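As structure tokens, the structure follows; a few thoughts come after it.
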Amino acid sequence: MVVRRRDRVRMDPHKRRAQIIEVASELMAERGYWGTSLQEVADACGLTVAGLIHHVQSKTGLLMMILEQEDNQSLIDIARQLMVETNGDADGRADKGEGDAEDVERYADGSSGRTVVEPRPDMSGSDGLFKGFAPVSPAFEQLSLARACEVLVAYNARNPEKVRLYSILDAEALDSSHPAYEWLKERERITLDMLERLASKETDDPRNCARMVLSLMDGLQLQWLRDSEHLDFERMWKDVTSSIPLLRAERE
């Protein structure tokens, strides 16, 4: 991403926050946290550094805003996808990418087929630091392990920049001094717990199965990111898992 200084334009605070997150996410997906400066983000948004800090408190605050937004948006998008599969085209809205108010998450309640609308929890404190993780859609928890992985792979294949961002931050955060170290460590634990719950319905060793699935997915993602022009992530996943009985279950 080539950073060009934009003219300063007044903007609604919510739109400004969205702009800052979008710009900073693109920069960090390319350069990582350490390689991205507040000055570059401010220039790309048409702000002074002081103006940027007014919205994000600090560079760490900015990073946590990005992680919160990206993680919550992933959950909302996957829940919406499952809602569409369960309820049809949701009056044509979901398949056109038209969302609800930003404070709302849609979940498909797998037990009844209903669409459940719940307020999105406020995940950040006054310091801008991340305070928790939003819950996974109940519909997702009811999928088979194979189908759940298929949904995750399809989502990631549609969002390569999001995958690149997390991959770069994961590598940087091997250093325990990285501001995202604890957040990413906790996110990994939550992901493993989720995969373990899914695997527990199908194997006697669900924790090791969860580790195998996560390692396989992460490894294939890195290969795909290095050569995305020639590799198809969904095709790679299907080809590799065709030899793994637990993951080649009949597609739901």
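These figures come from a predicted structure and were not determined experimentally.
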Hits for side chain to side chain donor-acceptor pair (under 3.5 Å) against Asn156, two or more places apart or cross-chain, chain-then-number order -> Gln221

Residues which pass side chain to side chain contact (heavy atoms under 4.5 Å, CB included) with Asp175, listed by chain and number, not counting sequence neighbours: Ser177

Taken to the nearest 0.5 Å, the spacing of Glu68 CD from Trp183 CH2 works out to 9.5 Å

Do the side chains of Val56 and Val41 get nearer than 4.5 Å, heavy atoms only? no

Taking side chain to side chain donor-acceptor pair (under 3.5 Å) as the definition, give me every residue that meets it alongside Ser176, ordered by chain and number, with sequence neighbours left out. none

Calculate, to the nearest 0.5 Å, the distance between atoms CZ and CD belonging to Arg197 and Glu141 respectively. 4.0 Å

Same cluster (ILVMFWY, side-chain, under 4.5 Å), Phe233 and Leu222: no

Answer yes or no: is there a side-chain heavy-atom contact under 4.5 Å between Trp224 and Leu220? no

Would you kindly check if the NZ (Lys) or CZ (Arg) of Arg147 is within the cone defined by 45 degrees around the ring axis of Phe140 and under 6.0 Å from the six-membered ring centre? no

Mind checking what makes ring-ring contact (aromatic ring centres under 6.0 Å, His included) contact with His178, not counting sequence neighbours? Tyr33, Trp34

Residues that Glu188 engages under salt bridge (charged side-chain N to carboxylate O under 4.0 Å, His left out), provided they are two or more places apart: none

Would you say Val151 and Leu75 are hydrophobically clustered, going by side-chain heavy atoms of ILVMFWY under 4.5 Å? yes

A side-chain contact here means heavy atoms from C-beta on lying under 4.5 Å apart; do Arg80 and Ile76 qualify? yes

Partners meeting side chain to side chain contact (heavy atoms under 4.5 Å, CB included) with Lys185 (sequence neighbours left out): Tyr181, Glu182

Under the 3.5 angstrom rule, does the side chain of Glu202 hit a backbone N or O of Leu145 as a donor-acceptor pair? yes

For a side chain to side chain contact (heavy atoms under 4.5 Å, CB included) check, start with the C-alpha distance between Ile53 and Ser58, then their side-chain angles and the critical distance, and finish with the verdict. CA-CA 6 Å; Ile53 290 175; Ser58 66; over 6 Å; no

Would you say that Gln81 contacts Arg158 through its side chain, given a criterion of any heavy-atom pair below 4.5 Å between the two side chains? yes

Start with the C-alpha gap between Arg226 and Gln223, add the side-chain angles, then the distance that decides, and say whether side chain to side chain donor-acceptor pair (under 3.5 Å) holds. CA-CA 5 Å; Arg226 288 194 184 99; Gln223 294 178 43; over 6 Å; no

Mind checking salt bridge (charged side-chain N to carboxylate O under 4.0 Å, His left out) for Glu234 and listing every partner two or more places apart, or none if nothing turns up? none

Does any N or O in the side chain of Asp71 come within less than 3.5 Å of the main-chain N or O of Leu67, such that one atom is a donor and the other an acceptor? no

Indicate whether any N or O donor in one side chain lies under 3.5 Å from an N or O acceptor in the other, for Asp77 and Gln73. yes

Holding to side chain to side chain donor-acceptor pair (under 3.5 Å), I want the full list of residues that pass it with Asp170, two or more places apart in sequence or in another chain. none

Among residues at least two apart in sequence or on other chains, which ones pass side chain to side chain contact (heavy atoms under 4.5 Å, CB included) with Ser37? Gln39, Glu40

Report the residues that fulfil side chain to side chain donor-acceptor pair (under 3.5 Å) with Asp12, sequence neighbours left out, ordered by chain and then residue number. none

Examine distances only and state if a side-chain atom of Thr203 and a backbone atom of Pro206 form a donor-acceptor pair shorter than 3.5 Å. no

Rounded at 0.5 Å granularity, tell me how far CE in Met194 sits from CZ in Arg189. 12.5 Å

Would you say Arg16's side chain and Cys45's backbone share a donor-acceptor pair under 3.5 angstrom? yes

Identify the two heavy atoms, one from Ala44 and one from Val23, that lie closest to each other, and give their separation to 0.1 Å. CB-CG1, 3.5 Å

Side chains of Ile66 and Ile20: does their closest heavy-atom pair fall under 4.5 Å? no

Heavy-atom side-chain proximity of Leu246 to Cys209 below 4.5 angstrom: yes

Do Val153 and Val213 sit in the same hydrophobic cluster, where Ile, Leu, Val, Met, Phe, Trp and Tyr count as joined when their side-chain heavy atoms come under 4.5 Å apart? yes

With heavy-atom distances below 4.5 Å as the criterion, would you say the side chains of Leu247 and Trp237 are in contact? yes

Salt bridge (charged side-chain N to carboxylate O under 4.0 Å, His left out) filter on Lys162, not counting sequence neighbours, yields Glu70

CA sep, side-chain torsions, deciding dist, call: Lys15, Gln19, side chain to side chain contact (heavy atoms under 4.5 Å, CB included): CA-CA 6 Å; Lys15 291 182 179 179; Gln19 179 203 36; over 6 Å; no

So which pairs with a foot in residues 204-224 pass salt bridge (charged side-chain N to carboxylate O under 4.0 Å, His left out), sequence neighbours left out? Asp193-Arg207, Glu196-Arg207

Student check: side-chain heavy atoms of Ser144 and Lys201 closer than 4.5 Å: no

Could you measure the distance from the CG atom of Leu62 to the NE2 atom of His55? Nearest 0.5 Å is fine. 12.0 Å

Looking only at heavy atoms, what is the nearest atom pair of Gly32 and Thr36, with distance? O-OG1, 2.8 Å

CA sep, side-chain torsions, deciding dist, call: Lys238, Arg248, side chain to side chain contact (heavy atoms under 4.5 Å, CB included): CA-CA 8 Å; Lys238 289 177 181 177; Arg248 70 164 188 253; over 6 Å; no

Any chance you could measure Thr191, atom OG1, to Leu195, atom CG, to the nearest 0.5 Å? 6.5 Å

Correct closest heavy-atom pair for Leu38 and Leu52 would be O-CD2, 3.4 Å

Stepwise, does the side chain to side chain contact (heavy atoms under 4.5 Å, CB included) test hold for Met217 with Cys149? CA-CA 9 Å; Met217 195 173 294; Cys149 290; 4.1 Å; yes

Let me check something: do Ile21 and Ile168 share a hydrophobic cluster, defined by ILVMFWY side-chain heavy atoms less than 4.5 Å apart, either directly or through other members? no

